[in-house]
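Everything below concerns the one structure shown next.
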Amino acid sequence: MHAAYLRPASLEEALEALAARPLTVLAGGTDHYPARVGRDAVEDILDLTALASLKGISRALAGWRIGAATSWTDVIEARLPPLFDALKLAAREVGGVQIQNAGTVAGNLCNASPAADGVPALLVLDASVELASRRGSRLVPLEDFIVGPRKTARAADELVTAVLVPAPRHDARSHFLKLGARKYLVISIAMVAIVVETEQGTVRAARIAVGACSPVARRLPSLEKALEGRALDDKLAELVRPEHVAALQPIDDVRSSADYRRHAATVLVRRGLQSLAGRG
Ligand SMILES: Cc1cc2nc3c(=O)[nH]c(=O)nc-3n(C[C@H](O)[C@H](O)[C@H](O)COP(=O)(O)OP(=O)(O)OC[C@H]3O[C@@H](n4cnc5c(N)ncnc54)[C@H](O)[C@@H]3O)c2cc1C
């Protein structure tokens, strides 16, 4: 039995409870419960599902605010510009529809799995994580928020309240590709998210992130730089070289060898760029 099960209706109440004593935060529960199968539920729980203020996506002058408790289904159904296509495609890959209905964006980030599909898609959006506690609130760039497998920069008394996405400077479009051992309901062998910002057909900025090929999903800065100033056409994919993925640290495991992961990441990046060029 849970010693305590709190389900506050306001953020203030939630932060007060979290400041008072250690509590395990629960959102959709789709990572929480599978990790505890066969074990007694002994933790004190802070359930966020009654906090309406944490749900939904809104537009502000500087960009977009994705409430921490926004579900993957909410992401799929939101009216968003092509910049968010990668995030929407990633959302469709998170389990099946029931998991997408319950699972949240912040839960995916806080769980910090190396194979979390939301992480590369949000890294290429230059997302920051908003954290709140009784002590105040702070913004942490996503690449600093996840510090290792299952480890984040969140303090015990903090809640993730939102994920913030800045508006791009140019026309932006994005793509996401995931490779697993089968088509659906599968843990990634590798996944790739790409954003390209263009001006009159020329790439002004590119952001590319690879997941499941390192302890934490990571960007490919040397490739991003190599794409700047190039025309967004079929030739872009030919610029992808093995050295661009050299910094990845894939592992051998039941799903794939490290070599195959590295190769898959390279192929997915090329295919992603081809797809984005094709949409031009
Ligand atoms: C059958 C199945 C298939 C799945 N397939 C995929 C998949 O293909 N790809 C994928 O990426 N994931 C997958 N998942 C994992 C999971 O669904 C996602 O990671 C989901 O986004 C987790 O969100 P949640 O709200 O359910 O998190 P929860 O389980 O509620 O919480 C996860 C972690 O985040 C913390 N947390 C949650 N919200 C907050 C907050 N606002 N502030 C602070 N801490 C918080 C919790 O304390 C916990 O540590 C799958 C899960 C299942 C059961």
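What you see is a predicted model; the values in this text were computed from it and never measured. Numbering of ligands and ligand atoms starts at 1, following listing order. These numbers come from the heavy atoms of this one structure, side chains and all, not from hydrogens, waters or symmetry mates.
Expressed to the nearest 0.5 Å, how far CZ of Arg271 lies from CG of Leu276 amounts to 14.5 Å.
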Donor-acceptor pairs under 3.5 angstrom involving side-chain atoms of residues 133-142: please list them, not counting sequence neighbours.
{"residue": "Ser133", "atom": "OG", "partner": "Arg135", "partner atom": "N", "Å": "3.0"}
{"residue": "Arg135", "atom": "NE", "partner": "Asp157", "partner atom": "OD2", "Å": "2.7"}
{"residue": "Arg135", "atom": "NH2", "partner": "Asp157", "partner atom": "OD1", "Å": "2.7"}
{"residue": "Arg135", "atom": "NH2", "partner": "Asp157", "partner atom": "OD2", "Å": "3.3"}
{"residue": "Arg138", "atom": "NE", "partner": "Glu158", "partner atom": "OE2", "Å": "2.7"}
{"residue": "Arg138", "atom": "NH2", "partner": "Ala153", "partner atom": "O", "Å": "2.9"}
{"residue": "Arg138", "atom": "NH2", "partner": "Glu158", "partner atom": "OE1", "Å": "2.8"}

Which donor-acceptor pairs under 3.5 Å do the side chains of residues 83-90 make with protein atoms, sequence neighbours left out?
{"residue": "Asp85", "atom": "OD2", "partner": "Arg279", "partner atom": "NH1", "Å": "3.4"}
{"residue": "Lys88", "atom": "NZ", "partner": "Val75", "partner atom": "O", "Å": "3.2"}
{"residue": "Lys88", "atom": "NZ", "partner": "Ile76", "partner atom": "O", "Å": "2.8"}
{"residue": "Lys88", "atom": "NZ", "partner": "Ala78", "partner atom": "O", "Å": "2.4"}

Expected list for residues 180-201: side-chain donor-acceptor pairs under 3.5 angstrom, two or more places apart:
{"residue": "Arg182", "atom": "NE", "partner": "Tyr184", "partner atom": "O", "Å": "3.0"}
{"residue": "Arg182", "atom": "NE", "partner": "Leu185", "partner atom": "O", "Å": "3.3"}
{"residue": "Arg182", "atom": "NH2", "partner": "Leu185", "partner atom": "O", "Å": "2.3"}
{"residue": "Ser188", "atom": "OG", "partner": "Asp117", "partner atom": "OD1", "Å": "2.9"}
{"residue": "Glu197", "atom": "OE1", "partner": "Arg169", "partner atom": "N", "Å": "3.2"}
{"residue": "Glu197", "atom": "OE1", "partner": "His170", "partner atom": "N", "Å": "3.2"}
{"residue": "Glu197", "atom": "OE2", "partner": "Arg207", "partner atom": "NH1", "Å": "3.0"}
{"residue": "Glu197", "atom": "OE2", "partner": "Arg207", "partner atom": "NH2", "Å": "3.1"}
{"residue": "Glu199", "atom": "OE1", "partner": "Arg204", "partner atom": "NE", "Å": "2.9"}

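Protein residues lining ligand 1, listed by chain and number: Val25, Leu26, Ala27, Gly28, Gly29, Thr30, Asp31, His32, Pro34, Leu48, Ala68, Trp72, Glu93, Val94, Gly95, Ile99, Gly103, Thr104, Ala106, Gly107, Asn108, Cys110, Asn111, Ala115, Ala116, Asp117, Arg154, Leu159, Val160, Lys178, Val186 [non-hydrogen atoms, distance under 4.0 Å].
No hydrogens or angles considered: a donor-acceptor pair under 3.5 Å links the side chains of Asp47 and Thr49. Side chain to side chain, Thr73 and Asn101 meet the donor-acceptor criterion of an N or O pair below 3.5 Å.
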